[in-house]
Amino acid sequence: MNTVKSVRELRAAIAQARSEGKQIGFVPTMGNLHAGHAALVAKAAQRADFVVASIFVNPLQFGPSEDLDTYPRTLVADQEKLFEAGCNLLFTPDVEEMYPHGLAGQTRVSVAGVSEGLCGASRPGHFEGVATVVTKLFNMVQPDLAVFGQKDYQQLAVIRTLVRDLNMPIQIIGEPTVRAEDGLALSSRNGYLDAEQRAAAPALYRSLEQIASAIRAGERDYPGLIAQAQQLQSAAGFQPDYLEIREANSLRPASAEDRQLVILVAAFIGSTRLIDNLVLELDA
Ligand code: PAF
């Protein structure tokens, strides 16, 4: 696996793979990789002949009081995991390479609709930062397909919409969330948790399962279910950010008639903000 830092080297290596008739798969990341990322790379390796991954902690998607400076950077361990998962080429640009003309005047990509509410409300500018960097990375790599985790459910919806609305010829693949044995969704931010918080954290997913099993049993009092689940979360030490039941494709608030639902949560444990979701398909 080669690691390149410049767009020029990236394009040259991809042009070589293309000249050999290879299909290009792409997995953009911010590094500090875990088994969830390895699953994205493995999926790309299954579906494409040449897998490109990127590691770039994108300043444009962090708010002023967020964890940009402390976000873990673990390049050597990441390279090993990527290689083992089947990555062929790693792109690790620095901020100057990605934004050579600075951040202030950078052209931005803004996706209407699915970016609004949920994380879009709690993290103003976040999805504009994500959509901008993903557009730039897509233009640099020009992949045939790209793989993203379903853990960032709203992000995946934003990227699907972006690709559709800007006519990008890229297949977007969503890969299921990888969980620890106790149910906690794997996340780079889990590393911020102390032992007590880590022990309490699986309550977040349990609260989603509680809502899902009540809905499967026929309950449709969504506000009531959300209040009960928030009790479970606060008993475990979480401070709520949002907990919502949405229609799974459009992300509009769910009605009692919807059959494809997603329950989405963001909550703080100490100063760490965790997100998770659960997709629920009801029989017609
Ligand atoms: O999901 C992430 O790690 C990031 O938001 C992404 C898609 C790599 C863009 O910076």
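Just so you know, ligand 1 is whichever comes first in the structure, and atom 1 is the first atom listed for that ligand. Note that this is a predicted model, so its numbers are computed, not measured.
The side-chain hydrogen bond (donor to acceptor under 3.5 Å, both in side chains) pairs that include a residue from residues 155-164 number zero, where partners must be two or more places apart or lie in different chains.
Note on R246 versus D258: no salt bridge recorded, every NZ/NE/NH1/NH2 to OD/OE distance being 4.0 Å or above. Salt-bridge formation is not detected for the pair D276/R206: no Lys NZ or Arg NE/NH1/NH2 atom is positioned less than 4.0 Å from an Asp or Glu carboxylate oxygen. Under the 4.0 Å criterion applied to side-chain N and carboxylate O atoms, E97 and K5 are not assigned as salt-bridge partners.
Shown in contact with Q61 at under 4.0 Å from a heavy atom are these atoms of ligand 1, numbered in order with element: 4 (C), 5 (O), 9 (C), 10 (O). Atoms of ligand 1 found under 4.0 Å from any heavy atom of Q155 (numbered from 1 in listed order, with element): 1 (O), 2 (C), 4 (C), 5 (O), 7 (C). Close approach to V133 involves these atoms of ligand 1, each under 4.0 Å from a residue heavy atom: 9 (C), 10 (O).
Closest to atom 3 (O) of ligand 1, if we only count protein heavy atoms, is M30 CG, 3.6 Å.
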Show me, pair by pair, the donor-acceptor contacts under 3.5 angstrom made by side chains of residues 221-233, not counting sequence neighbours?
{"unit_1": "D221", "atom_1": "OD1", "unit_2": "G224", "atom_2": "N", "d": "3.0"}
{"unit_1": "Y222", "atom_1": "OH", "unit_2": "S255", "atom_2": "O", "d": "3.4"}
{"unit_1": "Q233", "atom_1": "NE2", "unit_2": "S207", "atom_2": "OG", "d": "2.9"}

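The backbone of T29, and not its side chain, has at least one atom closer than 4.0 Å to an atom of ligand 1 (non-hydrogen atoms only; backbone = N, CA, C, O).
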